[in-house]
Protein chains: 2
Amino acid sequence: MSLKHALLGFLNYKGMTGYELKQCFDRSVHYFWNANLSQIYPTLGQMEKEGLLTMEVEYQESRPNRKVYHITGAGCEELHRWLREPMDPPPVRQAFLVKVFFGGSLEKEEILAQLRQELELHCNLLAILEDRAREGLQQSIEDTGFKREGLFWGLTLEAGIKSKKAWIEWLEEAIAKVELYS
Amino acid sequence: MSLKHALLGFLNYKGMTGYELKQCFDRSVHYFWNANLSQIYPTLGQMEKEGLLTMEVEYQESRPNRKVYHITGAGCEELHRWLREPMDPPPVRQAFLVKVFFGGSLEKEEILAQLRQELELHCNLLAILEDRAREGLQQSIEDTGFKREGLFWGLTLEAGIKSKKAWIEWLEEAIAKVELYS
DNA sequence: GCTTCCATGTAAAGTGTTACATGATTGC
DNA sequence: GCAATCATGTAACACTTTACATGGAAGC
């Protein structure tokens, strides 16, 4: 499970609640990893049992108490073990390509509609990524003062931008080919 | 579930056993979708119950009987409904980028080792895809006589090649940056 | 002799999404 | 008045992987 390791990664920056961790996901890694609160909460509980985290309760009035999790020595070790560990190739699942693969059984205009919709979607996503690259990243680095970390955060953004651009290029070529030959 | 639709797609070409369907996956779409036999068999059974498929048993001696599945009218409709249906953006999960994101807590050489290993892996995968693009695809089109389908099969291959190349480029840039700045 | 191919599955565990449940405070 | 923010979770469902189980035939 990589959710565990992502949680360890963020908690290695500082102690946080499940709710705050969710915000970390949404603000920084959402374009290559996501998690629901309903998945985060039980996972944190489990990690506490495993000794990777400790939890302290901050009592609040008129709100549920905050459960702040902190990484332990064992958690830190586990994070670094995972970071160093070689990864085996991830299982790929691109449902859109399954559609294209069987696109021959649709009418030309129907498959073109799919391709054009996908193109529009990814153009929008690219714009969002590029905005984030310009503004958000610099902001995060200033907020945290994490300069070395910022280099790696930037790399993941560039990966996203590069692969989106490649995907968009392919979509444009695919549309042209289908218009011509199909 | 897209496995169902992928199975419908293949069975729309011709009737097959679960074992043969697995081979279809391995030979054609494995670089963007995969399935285990232990997942295929129960799914086929379920699809039969739902009326998407029919099954006939071919009796064999000294081997388990072959259960050949055929697509029904309802199955064909469901396939086309899905193919036409707009897709919502897929959940993205790139564990490798999670590692890079938290790469700041590794030593320079440790993160470089990860990046280099990933580069080598994807260079190999690219070579396989390019081989398949040159030889395998043409073969499949000749074997089946499916010309129009071949166009779409080719598009998915090009998508794979294009995105692998983008990934490799990014890895090379990332390695250079980490070597310089980290 | 050992591996691969053919051909079927079941069971358990792991991972993830969606729906349900609560409830005060702040901003539009 | 309505939505969003803060803050916690449970339960059910959906999907996928891994391990287990069988066993003959063909090729090296």
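Chain letters run A, B, ... following the sequence lines, proteins first, then strands; residues in each count from 1. Not measured: the values here are computed from a predicted model.
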Engineer: When the distance from CG of D88(A) to C1' of dT18(D) is rounded to whole Å, what number comes out?
Structural biologist: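 Rounding to the nearest Å, CG of D88(A) and C1' of dT18(D) are 13 Å apart.
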Engineer: From the list dT17(D), dT8(D), dG9(C), which nucleotide is the closest neighbour of the side chain of Y41(A)?
Structural biologist: dT8(D)
Engineer: What is the distance, to the nearest angstrom, from the CD1 atom on I40(A) to the P atom on dC6(D)?
Structural biologist: 14 Å
Engineer: dC15(D) phosphate, OP1 or OP2: any side-chain N/O from R93(B) under 4.0 angstrom?
Structural biologist: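 No, R93(B) has no side-chain N/O under 4.0 Å of OP1/OP2 on dC15(D).
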Engineer: Both P64(A) and Q39(A) contact DNA chain D. Which one's nearest nucleotide lies toward the 5' end?
Structural biologist: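 It is P64(A) whose nearest nucleotide is closer to the 5' end.
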Engineer: How are the rings of W153(B) and F146(B) set relative to one another: parallel (under 30°), tilted (30 to 60°) or perpendicular (over 60°)?
Structural biologist: tilted
Engineer: Grouping I, L, V, M, F, W and Y whenever their side-chain heavy atoms are under 4.5 Å apart, do M55(B) and L44(B) come out in a common cluster?
Structural biologist: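 Shared cluster, yes.
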Engineer: May I ask you to decide whether R66(B) forms a salt bridge with E20(B), counting only side-chain N to carboxylate O separations under 4.0 Å?
Structural biologist: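 Counted as a salt bridge, because a side-chain N and a carboxylate O are separated by less than 4.0 Å.
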Engineer: Between the base of dT8(C) and the side chain of T17(B), is one N or O donor paired with an acceptor at under 3.5 angstrom?
Structural biologist: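 Checked by distance alone, the answer is no.
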Engineer: From dG9(D), dC6(D), dC6(C), pick the nucleotide closest to the side chain of R63(B)?
Structural biologist: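 Given the options dG9(D), dC6(D), dC6(C), the side chain of R63(B) is closest to dC6(C).
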Engineer: Decide whether a cation-pi geometry holds between K99(A) and W82(B); the criteria are a distance under 6.0 Å from NZ or CZ to the six-membered ring centre and an angle within 45° of the ring axis.
Structural biologist: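 Yes, K99(A) lies over the aromatic ring of W82(B).
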Engineer: What is the distance from CG of L37(B) to C1' of dG9(C), rounded to the nearest Å?
Structural biologist: 10 Å
Engineer: Write down the distance between CG (N65(A)) and C1' (dG9(D)), rounded to a whole number of angstrom.
Structural biologist: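 These atoms are roughly 13 Å apart.
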Engineer: Compare side-chain N and O positions of R66(A) against OP1 and OP2 of dA7(D) and report whether any pair is under 4.0 Å apart.
Structural biologist: yes
Engineer: Less than 4.0 angstrom between a side-chain N/O of N36(A) and OP1 or OP2 of dT17(C), yes or no?
Structural biologist: yes
Engineer: Check whether any side-chain N or O of K22(A) sits under 4.0 Å from OP1 or OP2 of dC6(D), and answer yes or no.
Structural biologist: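 Looking at the OP1 and OP2 atoms of dC6(D), neither is under 4.0 Å from any side-chain N or O of K22(A).
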Engineer: Below the 4.0 Å mark, does dC6(C) have OP1 or OP2 next to a side-chain nitrogen or oxygen of Q60(B)?
Structural biologist: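 Answer no for this pair, as no side-chain N or O of Q60(B) is under 4.0 Å from OP1 or OP2.
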Engineer: Whole angstrom is fine here: how far is it from CD in Q46(A) over to C1' in dA13(C)?
Structural biologist: 12 Å
Engineer: Using atom CG of L44(B) as one end and atom P of dG9(C) as the other, report the distance to the nearest whole Å.
Structural biologist: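 From L44(B) CG to dG9(C) P: 9 Å.
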Engineer: Quick check on DNA chain C: between S38(B) and Q23(B), whose nearest nucleotide comes earlier from the 5' end?
Structural biologist: Q23(B)
Engineer: Could you tell me how far apart F25(A) (CZ) and dG16(C) (C1') are, to the nearest whole angstrom?
Structural biologist: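 In whole Å, dG16(C) C1' and F25(A) CZ are 13 Å from each other.
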Engineer: Provide, to the nearest angstrom, the distance between the CG atom belonging to N34(B) and the C1' atom belonging to dC15(D).
Structural biologist: 15 Å
Engineer: Quick check on dT15(C): is either OP1 or OP2 less than 4.0 Å from any side-chain nitrogen or oxygen of K4(A)?
Structural biologist: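 The answer is no; no side-chain N or O of K4(A) sits under 4.0 Å from OP1 or OP2.
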Engineer: Contact class for G18(B) vs. all strands (heavy atom < 4.0 Å): base, sugar-phosphate, or nothing?
Structural biologist: sugar-phosphate
Engineer: Decide, yes or no, whether a salt bridge links K165(A) with E169(A) under the criterion of side-chain N to carboxylate O below 4.0 Å.
Structural biologist: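 Between E169(A) and K165(A) there is no salt bridge, as every charged N stays at least 4.0 Å from the carboxylate O atoms.
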